[in-house]
Amino acid sequence: MEELPITLQDARVLVVGYGRLGKVLARQLHGLGARVTVAARNPADRAWVRAWGYGDVPSDHLAGHTGGFDLICNTVPVCLLDREALSGVTPGCLVIDLASKPGGVDFAAAGELGIKVIWALSLPGKVAPVTAGKAIRSAIYNIMTELGV
């Protein structure tokens with residue numbers, strides 16, 4: 001929030017991706033009063049997006065769908081926010097890339113277009129290492145249980 005000149009209440013937010021992170025992020029942003037739109041590729045996911053009351057756009061062709069937002073949060077580790085998609089971004093919009101490497105934003109194009117991008121790699125480990133460690137431990141234990149180890 002310290003990177004935006006507005007609060008999330010009534011902010012227009014695009015969440016790119018509707019996997020594990022995208023689902024939680026959309027719900028939390030909506031709970032904070034943001035007007036959430038989700039870009040998803042799977043038709044079933046897009047149906048759930050609409051059922052939860054979010055706007056939806058296809059993620060396979062973001063160009064023409066990136067304007068009008070105050071904040072864009074990417075969760076997909078594939079470059080969906082390429083030069084074409086970024087060229088439609090509203091001036092002053094903040095882009096946060098939450099995806100793991102290689103990320104989902106063309107950082108060079110964003111810089112050339114004057115778009116501020118924050119690449120928040122390893123965010124859980126940086127801001128909440130104990131909680132992140134517990135989540136990793138839980139995932140490892142689940143994998144070991146599934147393997148019968």
Side-chain angles (χ1 to χ4, degrees), residues 1-129 131-136 138-140 142-143:
M1 283 185 45
E2 63 191 32
E3 299 291 339
L4 288 171
I6 60 172
T7 64
L8 292 173
Q9 177 71 36
D10 289 326
R12 298 159 300 170
V13 181
L14 173 62
V15 175
V16 179
Y18 202 61
R20 291 173 300 186
L21 178 56
K23 288 174 180 150
V24 172
L25 182 60
R27 187 186 74 202
Q28 296 296 333
L29 289 167
H30 183 75
L32 290 169
R35 292 182 280 158
V36 177
T37 297
V38 176
R41 99 184 124 78
N42 181 310
D45 286 341
R46 292 186 65 203
W48 277 109
V49 164
R50 290 187 299 275
W52 284 112
Y54 313 137
D56 84 293
V57 296
S59 64
D60 56 351
H61 188 69
L62 283 175
H65 297 286
T66 55
F69 295 101
D70 302 303
L71 172 65
I72 297 174
C73 297
N74 177 62
T75 68
V76 181
V78 173
C79 190
L80 296 179
L81 290 164
D82 58 12
R83 179 177 296 279
E84 186 180 8
L86 291 170
S87 67
V89 169
T90 302
C93 176
L94 173 65
V95 176
I96 300 176
D97 194 347
L98 298 167
S100 48
K101 287 185 179 181
V105 177
D106 181 338
F107 296 98
E112 292 169 11
L113 293 167
I115 299 169
K116 183 172 185 175
V117 179
I118 297 172
W119 196 6
L121 278 176
S122 305
L123 191 59
K126 288 178 183 174
V127 299
T131 303
K134 287 178 181 178
I136 292 169
S138 176
I140 291 170
N142 288 337
I143 291 168

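The figures that follow rest on heavy atoms only: side chains count, while hydrogens, waters and symmetry mates do not. All values derive from a computational prediction rather than experimental measurement.
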Can you list every pair that meets ring-ring contact (aromatic ring centres under 6.0 Å, His included) and has a residue in residues 91-113, with sequence neighbours left out?
Phe107-Trp119
Please, which pairs that meet ring-ring contact (aromatic ring centres under 6.0 Å, His included) have at least one residue in residues 8-38, sequence neighbours excluded?
His30-Tyr54
Is any side-chain heavy atom of [X] closer than 4.5 Å to a side-chain heavy atom of [Y]?
X: Leu8; Y: Leu71; value: yes
X: Val57; Y: Leu14; value: yes
X: Cys73; Y: Leu25; value: yes
X: Asn74; Y: Ile72; value: no

Minimum heavy-atom separation for [X] to [Y], with atom names?
X: Ile115; Y: Cys93; value: CG2-O, 4.1 Å
X: Pro77; Y: Pro102; value: O-CD, 3.4 Å
X: Thr66; Y: Val89; value: OG1-N, 3.6 Å
X: Gly67; Y: Thr90; value: C-OG1, 3.5 Å
X: Leu62; Y: Ala85; value: CB-CB, 3.9 Å
X: Ala120; Y: Ile96; value: CB-CG2, 4.4 Å

Supply the atom-to-atom distance [X] [atom1] to [Y] [atom2], rounded to the nearest 0.5 angstrom.
X: Leu80; Y: Leu86; atom1: CG; atom2: CG; answer: 10.5 Å
X: Asp106; Y: Glu84; atom1: CG; atom2: CD; answer: 12.0 Å
X: Leu113; Y: Arg83; atom1: CG; atom2: CZ; answer: 5.5 Å

Scan the side chains in residues 35-48 for donor-acceptor partners under 3.5 Å anywhere in the protein, sequence neighbours excluded, and list what turns up.
from	atom 1	to	atom 2	distance (Å)
Arg35	NE	Asp10	O	3.2
Arg35	NH2	Asp10	O	3.0
Asn42	OD1	Ala44	N	2.6
Asn42	OD1	Asp45	N	3.3
Arg46	NE	Asp56	OD2	2.7
Arg46	NH2	Asp56	OD2	2.7

